[in-house]
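This report refers to the structure that appears directly beneath it.
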Protein chains: 4
Amino acid sequence: MKNKTPKSSQKNPKNPKKAATILKAAEHIFARKGFQTATISDIAKKAKVSEATIYEYFSSKEELLFAIPAEIIQHYQEKNREILPYIHGAANKLRFLIHRHLALYEDNPDYANVVMLILKGNPNFLKTEAYRVVQSSARNYIEVLEEGIKSNEFRPDMDPYMIRAMIWGNIEHLVTRKSLLGKPENLTNLTDTLFNTLFNGIRTTAEQPPLNINVHLTRSE
Amino acid sequence: MKNKTPKSSQKNPKNPKKAATILKAAEHIFARKGFQTATISDIAKKAKVSEATIYEYFSSKEELLFAIPAEIIQHYQEKNREILPYIHGAANKLRFLIHRHLALYEDNPDYANVVMLILKGNPNFLKTEAYRVVQSSARNYIEVLEEGIKSNEFRPDMDPYMIRAMIWGNIEHLVTRKSLLGKPENLTNLTDTLFNTLFNGIRTTAEQPPLNINVHLTRSE
Amino acid sequence: MKNKTPKSSQKNPKNPKKAATILKAAEHIFARKGFQTATISDIAKKAKVSEATIYEYFSSKEELLFAIPAEIIQHYQEKNREILPYIHGAANKLRFLIHRHLALYEDNPDYANVVMLILKGNPNFLKTEAYRVVQSSARNYIEVLEEGIKSNEFRPDMDPYMIRAMIWGNIEHLVTRKSLLGKPENLTNLTDTLFNTLFNGIRTTAEQPPLNINVHLTRSE
Amino acid sequence: MKNKTPKSSQKNPKNPKKAATILKAAEHIFARKGFQTATISDIAKKAKVSEATIYEYFSSKEELLFAIPAEIIQHYQEKNREILPYIHGAANKLRFLIHRHLALYEDNPDYANVVMLILKGNPNFLKTEAYRVVQSSARNYIEVLEEGIKSNEFRPDMDPYMIRAMIWGNIEHLVTRKSLLGKPENLTNLTDTLFNTLFNGIRTTAEQPPLNINVHLTRSE
DNA sequence: AATGAATGAGATTTCATTCAT
DNA sequence: CATGAATGAAATCTCATTCAT
């Protein structure tokens, strides 16, 4: 007789405004308490709804967590796709992507916390629709980097995937530090440093063995 | 997050061998199940001791978690400190550090999992003794980078902290990917790619700063 | 067991057709899921009405359950009362009752499930109007059995209540088996077996010790 | 990472006495409140242990329920098997089984409640080990009935399975009535009524096969 | 008359942790 | 030293039920 129906992970958006309220509350609480420590009760209180109401909109605590990035990342990627074509040159595009990436986290510190401290460590997130969008936004980098190679702006021997890992890793490292230590107060300011370092490397130009050309002017006798 | 009275965080190492067994078991279990999902019972079973015995050696589940990196990171850093002086040139030292860093995670995949997916998201880890060692190992990078500036191997205008973030972030990004997706099968192989990119940047050589041409006009007698 | 204020147990039959639809749906769901496991939501879906509508017709889940037998048993008993007078002889009447009893469950397997697996275990059902009708239908048996005693068809020393318990128990046992195990595929076919066994007992006739009467004819001297 | 181990439904009998205490408490509470209405908390209070302790011994509320009949039915059946061989004649054996059956419930009214009102309606019970024993005890009846046919004590045309259904159903009907209505105060007293009715039927003796009268005419000398 | 939306009210279950032996 | 046994303390999640529209 027992017969659990496999709960539909898609709840009807009865009242989209309330869903958004709950999501914001969840983001706030998760960002401060972590996933396990945060309770549905905390979130319900913050959102000023009953706990049961949360379950009307999200079928589990984890689904609630995973729903947090969905909209923001979607919007982020759409805007990227919209603007990129207007930017000239792969290097400029790359700088733009880096800036956007940093701004995303700078403008949404709670979101940054949730992503860096909670979602990144949760393998189930990989199965999420939101993660699909993350992947698609990662492709931006690859496309721009390949464009730069074609246009001769970037070294042809570089591996776009490695470069992306470098950028992505750098950004996430900075964001995580900010989340945990508050240290790099401002993130977007670092856009140029990051870009320039990546673009030029750290080798001192002087290091490039200067060509010493000794020209001996000899007076012809 | 939860922050109970910190108890005697130093338990008598009654039987160091058993402590090590427990730690290995914990690493194994945590790596596979995550912190919350893993149970003391799981770990006890794996270590073939009773749950109560675990509490003889570690005063809480979280302390057990934090104890995992202690030894490995200590040993890692000591070896770094030991070898570094024998390496000539900041660039070579930097390459060495990157290699060691990648090897650390490559050689200890369970440890990598624990660090990337669990510890990084736990703010309490920052208060840990082990984290102190992590910080000290982070200083290696700064020292080497500063040495490189002094020795004119690296650009004087670069920010060592930013460069370190770049390297560190890149490495952790790669390691996390490997933990979650298994993707970069081999990590240490990437040492040179990472180093070279960082060293030379991605700008095509054609656009590199113009050669310095020193013209010495010598009057021939 | 739980016994909340009994509310207005008589709801206005706003739309009798809809009430019937809901009842059929409830019977279907309860029969398959049991009382606790079945949800109002399940029933609402099956009946294609909203959950709130169910509460327009039935004031609680339990009242809904108890409403299921009401009509069917009423109709069953009315028909019994109607036909019985036309049957000649207590034995024939008894056979008729058994047949009807078996047919009731055979023709309504969902109803059989609900009665055997759910209602029988619920003490609150005894306070129900429907149970009153069950009792009155039980009286049929008593009346017929007593008639049989009077008419000398049945042993005068038998206890009608015990006999009824025997019949009733036998039938319910068979029906329950069918509900749970599907085993006696056909129920009404068993009417005669049941009746004959009851009527004749299981003692072999040969077993009745033959009376040996020795008659000595003596010639008077 | 999530990885629920499929709980072993066999818990170590750490302390058999405590397990028995819990079982008795559960029987008591379930008998009075029904399965759903009874709470683990109720049972824990009655057994004077914590709720968690109950879960040390039984892995779920339902398993706790199913554990109730295990021992009692086992013991019941063992005793039956032990005594049966000493009884002479199928009829006597049958009377014995009926008596034992009634006594089982008479002597354990809480147990009777649990079986009649709760277990009988739970299809999962059929998958239970205890149910296996019930089945084996049901086989007693069949064996005795078949023996009676062979020995010519019982009619050869009777269906043992039907007869068993009759007895079993009758008994359960009486026990259920007693559980719900308290009505047949005494159960074992009914043994003979039940047996005799079954044995002789309810047909009036007048209609029974005519007596055999042997008349020996002897000529006196 | 019908229902979408909201929630009150708990119960089961899980573990980390303790303590007496 | 080691551990078997016991439990305190919550948290998630489920539904029957209500009410405003």
Side-chain angles (χ1 to χ4, degrees), chain A residues 4-5 7 11-15 18-19 36-44 48-64, chain B residues 2 4 7 12 14-15 18 35-44 48-64, chain C residues 2 4 7 11-15 18 36-44 48-64, chain D residues 4-5 7 11-15 18-19 36-44 48-62 64:
Chain A
K4 294 209 174 168
T5 32
K7 60 201 58 202
K11 293 256 174 172
N12 317 14
K14 313 177 186 225
N15 181 343
K18 188 163 287 190
Q36 296 295 340
T37 316
T39 69
I40 294 291
S41 168
D42 290 336
I43 295 167
K48 288 175 185 166
V49 296
S50 77
E51 300 175 36
T53 298
I54 292 180
Y55 282 90
E56 288 293 315
Y57 287 84
F58 304 93
S59 53
S60 77
K61 192 185 178 188
E62 201 176 46
E63 193 192 291
L64 175 55
Chain B
K2 212 167 279 182
K4 297 195 179 174
K7 297 251 153 183
N12 325 10
K14 314 175 188 218
N15 179 344
K18 188 164 286 189
F35 182 69
Q36 295 295 340
T37 315
T39 68
I40 295 290
S41 167
D42 290 334
I43 295 167
K48 288 175 185 165
V49 296
S50 78
E51 303 173 36
T53 299
I54 292 181
Y55 282 88
E56 290 293 317
Y57 288 85
F58 305 94
S59 53
S60 78
K61 191 185 179 186
E62 202 175 45
E63 191 192 291
L64 176 56
Chain C
K2 210 166 279 179
K4 296 195 178 172
K7 297 254 155 183
K11 291 256 172 173
N12 326 10
K14 315 178 186 216
N15 179 344
K18 190 163 286 190
Q36 295 296 339
T37 315
T39 68
I40 294 290
S41 167
D42 290 334
I43 295 167
K48 288 177 185 166
V49 296
S50 77
E51 303 173 37
T53 298
I54 292 180
Y55 282 88
E56 291 293 317
Y57 288 84
F58 304 94
S59 54
S60 77
K61 192 185 178 187
E62 202 175 45
E63 191 192 293
L64 175 56
Chain D
K4 293 209 177 171
T5 32
K7 61 200 59 201
K11 294 254 173 171
N12 316 16
K14 311 176 186 227
N15 180 343
K18 188 163 288 188
Q36 295 295 340
T37 315
T39 70
I40 294 293
S41 169
D42 290 336
I43 296 167
K48 288 179 185 163
V49 297
S50 76
E51 302 175 33
T53 297
I54 292 180
Y55 281 89
E56 288 292 315
Y57 288 84
F58 305 94
S59 52
S60 77
K61 192 185 177 186
E62 202 176 45
L64 176 55

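Worth knowing before you read on, the calculation uses all heavy atoms, side chains too, and leaves out hydrogens, waters and symmetry mates. Here is the naming used below: chain letters follow the sequence lines, and residue numbers restart at 1 for every chain.
Comparing D:Lys48 and A:Ser41, the nucleotide of DNA chain F nearest to each residue sits closer to the 5' end for D:Lys48.
With rounding to the nearest 0.5 Å, the separation of OG1 in D:Thr39 from NZ in D:Lys61 is 7.0 Å. Interatomic distance, CD of D:Gln36 versus OG1 of C:Thr37, reported as 7.0 Å (0.5 Å rounding).
Taking atom CD of residue B:Glu63 and atom P of nucleotide E:dT17, one finds them 10 Å apart after rounding to whole Å. Atoms CD1 (B:Ile40) and C1' (F:dT7) sit 16 Å apart, rounded to a whole Å. Summarising the geometry, the separation between CD on B:Gln36 and P on E:dT14 is reported as 16 Å, rounded to the nearest angstrom. Note: OH (D:Tyr57) to C1' (E:dT13) measures 18 Å, nearest angstrom.
Heavy atoms of A:Ala38 sit under 4.0 angstrom from primed sugar atoms or phosphate atoms, though from no base atom.
Listed nucleotides E:dA2, F:dG8, F:dA16 differ in distance to C:Glu56; the shortest reach to its side chain belongs to E:dA2. For B:Ala52, the listed nucleotide lying nearest its side chain is E:dC19; candidates were E:dA6, E:dC19, F:dT17. In the set F:dT12, F:dT7, E:dC19, the nucleotide with an atom closest to the side chain of A:Thr39 is F:dT12. For C:Lys61, counting side-chain heavy atoms from C-beta on, the closest listed nucleotide (F:dA2, F:dT17, E:dA6) is F:dT17.
Between the side chain of C:Glu51 and the base of F:dC15, no donor-acceptor pair under 3.5 Å is found.
When the side-chain nitrogen and oxygen atoms of C:Thr53 are compared with OP1 and OP2 of E:dT3, one or more of them lie within a distance under 4.0 Å. For D:Tyr55 and F:dA6, the shortest distance from a side-chain N or O to OP1 or OP2 is not below 4.0 Å.
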